[in-house]
Amino acid sequence: AKAAGKNGLQIYQPSLSHQVVAKLEMKYALRHAIDHDQFVLHYQPRVDAHSGELLSMEALVRWIHPSRGIVPPMEFIPLAEESGLIVDIGALVLEKACAQIAAWRAAGIPARPVSVNVSPKHFSAGCLLEQVRACLKRYDLPASLLELEITESCMLGDGDWISREMSALKAMGIRISVDDFGTGYSSLAQLQRLDIDVLKVDRAFTMDLTGSRHGVAFFKTILSIAEVLGLRVVAEGVETEQQLQILRQLACHELQGYFISRPVAAADIESHLRKTLNF
Ligand code: C2E
Ligand code: CA
Ligand code: CA
Ligand code: CA
């Protein structure tokens, strides 16, 4: 970018210009990645806190960059979101998740629901409903095998429109979870009105179980709210045995995190799908 100097001279600002160029290049590379199918999904198990049984898994996108290798989502999702490319990426992710579930089913592997992250921009773009419907039809899948993870920021904005969109998804039989719960601004009234099924409690609260004086009390409160509203609770980011034990004592429903399993490639989740983890 250039700023006008005192005498009208253009003063060159290299650092800002460099950022702009880097962003443009990244945007171009992302567009290329969409058109050339450079994305794969990894899957992270979500298990029953009591039995350890694999209940479902979360699909997490990775960009396989021809020269950089695996690029984690935090390095491109924000720009994808900002540039609107997230709508195309979201559609690709949905398609890939459905294709994978169908492939498992075709191979006789017991299928479990897959949850897909939906960005606020994709949610509000208005095309999600039709994409979900088309994918389920194309791969001949029951809606019960698909869950959508929305963030609390998806619930901000035109309340009537959001209600209609959500009830249409719910009417199809899709489960809806609230991702990173506790970090945003959703109200109890909204959780009830939008007929949310699952709260995925942000990793920060799981860390607080042992790291902060009120950690256990926070989690207890979330669990009792969930009980009143009839919601399932998933603790995200479970990294230690100690966290796992506390969460079981608190009767948290489901666990997800590195202690149980890191996100893994589709082929690696098949052994999980065939067996039951035992705590
Ligand atoms: P998220 O939806 O909250 O997903 C959980 C993230 O936490 C994943 O990172 C996962 O690998 C990581 N994680 C899981 N267990 C643990 C743990 O025990 N400890 C720690 N430290 N981390 C854990 P990942 O795959 O890098 O994804 C980061 C974020 O990128 C996601 O956070 C989500 O917001 C976004 N993202 C990923 N895939 C997609 C996608 O397909 N669409 C959209 N819109 N966003 C996505
Ligand atoms: Ca998520
Ligand atoms: Ca999350
Ligand atoms: Ca998170």
Side-chain angles (χ1 to χ4, degrees), residues 30 33-34 37-47 49 56-64 69-100 113-125 127-128 131-132 135 146-154 175-184 186 196-211 222 233-244 247 252 254-266 268-269:
L30 264 181
I34 294 166
D37 198 21
Q38 293 177 349
F39 297 103
V40 298
L41 300 183
H42 281 188
Y43 297 87
Q44 188 177 34
R46 223 164 89 183
V47 302
S56 65
M57 57 214 135
E58 176 173 5
L60 295 156
V61 72
R62 271 94 183 93
W63 176 9
I64 313 296
I70 297 186
V71 185
M74 288 330 279
E75 285 177 31
F76 64 90
I77 295 282
L79 179 67
E81 179 86 21
E82 189 191 309
S83 61
L85 289 171
I86 192 68
V87 179
D88 289 345
I89 295 174
L92 268 176
V93 167
L94 187 64
E95 177 87 29
K96 284 180 187 295
C98 289
Q100 185 61 66
V114 171
S115 62
V116 168
N117 291 283
V118 175
S119 91
K121 216 170 206 161
H122 190 188
F123 186 75
S124 59
C127 52
L128 182 66
Q131 287 169 356
V132 168
C135 268
L146 195 62
E147 181 175 305
L148 298 180
E149 298 193 7
I150 62 168
T151 58
E152 290 173 281
S153 52
C154 287
R175 272 197 308 184
I176 309 279
S177 55
V178 178
D179 203 358
D180 305 335
F181 181 75
T183 61
S186 57
I196 299 294
D197 301 285
V198 180
L199 298 182
K200 298 194 73 179
V201 180
D202 193 72
R203 183 166 71 93
F205 294 92
T206 303
M207 288 172 75
D208 278 353
L209 283 173
T210 50
I222 295 174
V233 175
V234 183
E236 293 195 281
V238 179
E239 290 182 348
T240 67
E241 166 90 41
Q242 199 187 359
Q243 289 167 345
L244 176 140
L247 287 161
C252 179
E254 298 180 32
L255 311 175
Q256 181 178 343
Y258 293 169
F259 188 76
I260 292 107
S261 167
R262 290 196 169 245
V264 295
D268 297 322
I269 204 116

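Counting starts at 1 for both ligands and their atoms, following the listed order. Since this is a predicted model, take the numbers as computed values, not measurements.
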Any idea which heavy atoms bring [X] and [Y] closest together, and the distance?
{"X": "D202", "Y": "E236", "answer": "CA-OE1, 3.6 Å"}
{"X": "L92", "Y": "F39", "answer": "CD1-CD1, 3.9 Å"}
{"X": "C154", "Y": "V118", "answer": "SG-O, 4.1 Å"}
{"X": "F76", "Y": "V61", "answer": "CZ-CG1, 3.9 Å"}

For ligand 1, note which part of [X] has a heavy atom under 4.0 Å away: side chain, backbone, both or neither.
{"X": "V61", "value": "both"}
{"X": "E81", "value": "neither"}
{"X": "M74", "value": "side chain"}
{"X": "L41", "value": "neither"}
{"X": "I89", "value": "neither"}
{"X": "V93", "value": "side chain"}

Contact (N/O only, under 3.5 Å) between [X] and ligand 1:
{"X": "P72", "value": "no"}
{"X": "E58", "value": "yes"}
{"X": "E239", "value": "yes"}

Are the side chain of [X] and the backbone of [Y] linked by a donor-acceptor contact shorter than 3.5 Å?
{"X": "Q44", "Y": "S261", "answer": "yes"}
{"X": "D197", "Y": "S177", "answer": "no"}
{"X": "K200", "Y": "V234", "answer": "no"}

Considering only heavy atoms of [X], which atoms of ligand 1 have at least one such atom less than 4.0 Å away?
{"X": "I77", "value": "43 (C), 45 (N), 46 (C)"}
{"X": "G257", "value": "15 (N), 18 (O)"}
{"X": "S119", "value": "44 (N)"}
{"X": "E236", "value": "3 (O)"}
{"X": "D180", "value": "3 (O)"}
{"X": "Q44", "value": "14 (C), 15 (N)"}
{"X": "G237", "value": "16 (C), 17 (C), 18 (O)"}

At a 4.0 Å cut-off, with the gap strictly under it, does some heavy atom of P263 reach an atom of ligand 1?
-> yes
Would you please determine whether K200 falls within less than 4.0 Å of ligand 1 on a heavy-atom basis?
-> no
How is the N/O/S atom of E58 that comes nearest to the Ca ion (ligand 2) named?
-> OE2
In E149, the N, O or S atom nearest to the Ca ion (ligand 2) is which?
-> OE1
For the Ca ion (ligand 2), does an N/O/S atom of S115 lie at less than 3.0 Å?
-> no
State, yes or no, whether a side-chain contact exists between L148 and L128 at a heavy-atom distance under 4.5 Å.
-> yes
Side-chain heavy atoms of P73 within contact of R62, under 4.5 Å = yes
Can D37 and K96 be counted as an ion pair, charged N to O under 4.0 angstrom?
-> yes
Is E147 salt-bridged to R46, going by a charged N under 4.0 Å from an acidic O?
-> yes
Does any donor atom in the side chain of S119 or E81 lie under 3.5 Å from an acceptor atom in the other side chain?
-> yes
Would you kindly say whether T206 and Q243 are connected by a side-chain donor-acceptor distance under 3.5 Å?
-> no
Candidate pair L60 and L41, rule side chain to side chain contact (heavy atoms under 4.5 Å, CB included), full reasoning | CA-CA 5 Å; L60 295 156; L41 300 183; over 6 Å; no
Proximal heteroatom of [X] relative to the Ca ion (ligand 3) (N/O/S):
{"X": "E236", "result": "OE2"}
{"X": "D180", "result": "OD1"}
{"X": "D179", "result": "OD1"}

Select the closest option to atom 25 (O) of ligand 1 among K96, R203, H42, R62, judged by heavy-atom distance.
-> R62
Please indicate whether E239 has more than 12 foreign heavy atoms, meaning atoms of other residues, nucleotides or ligands, lying under 6.0 Å from its CD.
-> yes
